[in-house]
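Start at 1 and go down the list; that is how both ligands and their atoms are numbered. Each residue takes its place number in the sequence, starting with 1.
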Amino acid sequence: MQGTSEAFGLKVFCFPHFMTDILIMQAAACWRRNVPERYSVNREESEKELALQQEYIRIMRERVEERIAKTRSVPTYHIETFGCQMNAKDSEKLAGILEEIGYVHTETEEQADLVLYNTCTVRENANQKVYGRLGQLNSIRKHEHTDMKIILCGCMMQEPDEIENVRTKYTFVNAVFGTHNIFRLAQLLYRMETEKNPVIDVWEGTDKIVEDLPSVRKYAFKSGVNIMYGCNNFCSYCIVPYVRGRERSREPIDILREIERLAKDGVKEVMLLGQNVNSYGKTLDVPVSFSTLLKGVAEIDGIERIRFMTSHPKDLSDELIETMRDSSKICNHFHLPLQSGSDRILKVMNRHYTKAQYLNIVEKLREAVPDISITTDIIVGFPGETEEDFLETLDVVRRVRFDSAFTFIYSPRTGTPAAAMEDQVPEDVVKERFERLLKLVQSIGQEMSGRDVGKVLPVLVEEVNRQDGSMVSGRLTNNTLVHFKGEEKLIGSIVNVRLAESKGFYYIGERV
Ligand code: SAM
Ligand code: SF4
């Protein structure tokens, strides 16, 4: 079905009618408004940057080859990823550049010539973890591996106070960069080798999306795919918009081309990634809805499972629910962060939905996809949260019956409006509420996860079981883990498994 075609001077790989429609819409809209196609302008900038970075990769590869010839040893790297799936995806891109240069991966950071910490800053304990690990790493560098190079990157490095802290107290760190310029890793390595002082290169923001740099996949059969970057929502507790910048969607054709390549390479499951996938495409010159994108992904041969993360309730459309209902490839799992069940708190959080609206969305989802599994994020102890507010949260948990929930103790983040609010909740009150919430979430989660006992369902096999080598582990489309007797060769295939026994949050099954 695929070939190439020219649309308004734009050479594209053709996808079935869906893509052609989008291209015609884009080109026609640009012509109507008599403006240059931003699509092409972005592509031009992106291609220039890509060419520059490929040149740095070439230069660094030559340097590495010279080093190997001299020392007879291949340089090794280790990347430690803190935080969410966005960071995990960024780490795959960083690894791709390093391997293209000639570095090889090592599991243990003690042995690595180059260690990268890809940091998270969403809660304070994420920052503490990085500094703790950094202290240990410095001791290894001093006593065992004196020529080890250390780089810090990611969300935490977008915060001026943290950069200053690293610059003054962690002087052994060789380079620091943020979230906006990870595609410049080869150039930064070059600067690290040719400049005397540590390289600190943190951008405040960017409107560039550099496509087609190398990337290394952790799994052969599944892959995350960025569909957008940044966030415009400014929930009052959240640091993400400050460290990841404004919302930028990738062009649908770039996303579909990437997924098509992945499918040809054996990938069966994709996870579409964004801070708020429901607002995908709104910032494009020619807006495209998330549902339209999903339909396009579902048309790609070889892709059998489609997941996405994260959905903001305020932007969830009926069109998306219908698309989920009608597509057998879109997994029956929905992660729908609640944060709080109190209308008053939701308002101060700047979430733009009420408890009733949230419950209404859940009802529509269950009506359209009856066996859907619904998971969530909840924050306990947001400033001003009263016992009454907290009881509203428990009430939503009881009514929705989440399959599982990530529960977080509110962590004040400098620079966010909530951190400056006066009525912070005392620690002991927060802890007590957190325990109550956790207990409820866990008991409902256990009951929910047992509901499929006795059924035969397809499992995508992910790995050999870590405790018992005669078993393999995989996931149902609703994301629940299943362990069953099987061999390594099943990894990456989808097999039918009878769910014999529920163990709370996972099943023990038998292949049929
Ligand atoms: N974009 C996603 C959304 O809107 O739901 C979430 C992204 S955030 C990285 C993941 C979760 O971290 C949030 O859903 C929220 O529950 C939690 N979180 C964010 N900021 C927090 C804070 N300051 N304290 C505690 N939890 C926080
Ligand atoms: Fe943070 Fe809200 Fe954006 Fe999610 S939607 S990343 S919680 S600001």
Give the minimum heavy-atom separation between I379 and E385, together with the two atoms involved.
-> O-OE2, 4.0 Å
Salt bridge flag under 4.0 Å for residues R261 and E258 | no
Considering heavy atoms of the protein only, find what lies nearest to atom 15 (C) of ligand 1 and give residue, atom and distance to 0.1 Å.
-> Q339 OE1, 3.4 Å
Which atoms from ligand 2 have a heavy atom of P241 less than 4.0 Å away?
-> 8 (S)
Looking at E387 and R436, does any basic side-chain N land under 4.0 Å from a carboxylate oxygen?
-> yes
Atom 2 (Fe) of ligand 2 to C238: any N/O/S contact under 2.8 Å?
-> no
Atom of L256, atom of I300 and distance for their closest heavy-atom approach | O-CD1, 3.7 Å
The atoms of ligand 2 lying under 4.0 Å from a heavy atom of Y237, numbered in the order shown, are 7 (S)
Numbered atoms and elements of ligand 1 in range of R413, under 4.0 angstrom, heavy atoms = 23 (N)
Ligand 1 and S411, any nitrogen or oxygen pair closer than 3.5 angstrom?
-> yes
What protein heavy atom sits nearest atom 5 (S) of ligand 2, and how far away is it?
-> N233 ND2, 3.4 Å
Quick one: which ligand 2 atoms are inside 4.0 Å of a heavy atom on R351?
-> 2 (Fe), 7 (S)
Heavy atoms only: give me the nearest V400-I374 pair and the separation to one decimal.
-> CG1-CG2, 4.4 Å
Please state which protein non-hydrogen atom is closest to atom 8 (S) of ligand 1 and give its distance, to 0.1 Å?
-> V122 CG2, 4.2 Å
Identify the closest protein heavy atom to atom 5 (O) of ligand 1: which residue and atom is it, and at what distance?
-> P337 CG, 2.9 Å
Closest to atom 25 (C) of ligand 1 among protein heavy atoms sits I409 O, 3.5 Å
CD1 (I444) and CG (D403) are apart, to the nearest 0.5 Å, by 10.5 Å
Closest non-hydrogen protein atom to atom 12 (O) of ligand 1, residue and atom name please, with distance?
-> R123 NH1, 3.1 Å
Is H312 close to ligand 1, meaning an N/O of one under 3.5 Å from an N/O of the other?
-> no
Atom 20 (N) of ligand 1: nearest protein contact (heavy atom, Å) | Y237 CD1, 3.3 Å
Here the atoms of ligand 2 under 4.0 Å from any heavy atom belonging to F234 are 8 (S)
Measuring from T393:OG1 to E388:CD, what's the distance to the nearest 0.5 Å?
-> 11.5 Å
For atom 3 (C) of ligand 1, which of T376, V277, I239, T310 has the closest heavy atom?
-> T310
Which value, rounded to the nearest 0.5 Å, describes the distance between E319 atom CD and T292 atom OG1?
-> 5.0 Å
Proximal candidate to atom 10 (C) of ligand 1 [heavy atom criterion; set D377, V380, N276] | D377
Could you tell me whether K222 sits above the aromatic face of Y219, with NZ or CZ closer than 6.0 angstrom to the six-membered ring centre and within 45 degrees of the axis?
-> yes
Do Y507 and D452 have side-chain heavy atoms sitting under 4.5 Å apart?
-> yes
So the atoms of ligand 2 within less than 4.0 Å of a heavy atom of C231 turn out to be 3 (Fe), 5 (S), 6 (S), 8 (S)
Considering only non-hydrogen protein atoms, determine which one is nearest to atom 8 (S) of ligand 2 and report residue, atom name and distance to 0.1 Å.
-> C235 N, 3.4 Å
Can you name the nearest heavy-atom pair linking S249 to L284, along with the distance?
-> O-CD2, 3.6 Å
H312: numbered ligand 2 atoms lying under 4.0 Å from its heavy atoms = 5 (S)
V396 and G341 have their tightest heavy-atom pair at CG2-CA, 3.8 Å
The protein heavy atom nearest to atom 7 (C) of ligand 1 is Q275 OE1, 3.3 Å
Around atom 4 (O) of ligand 1, find the nearest protein heavy atom and jot down its residue, atom name and distance.
-> R351 NH1, 3.3 Å
Minimal non-hydrogen separation, Y242 against P417, with atom names = OH-CD, 3.7 Å
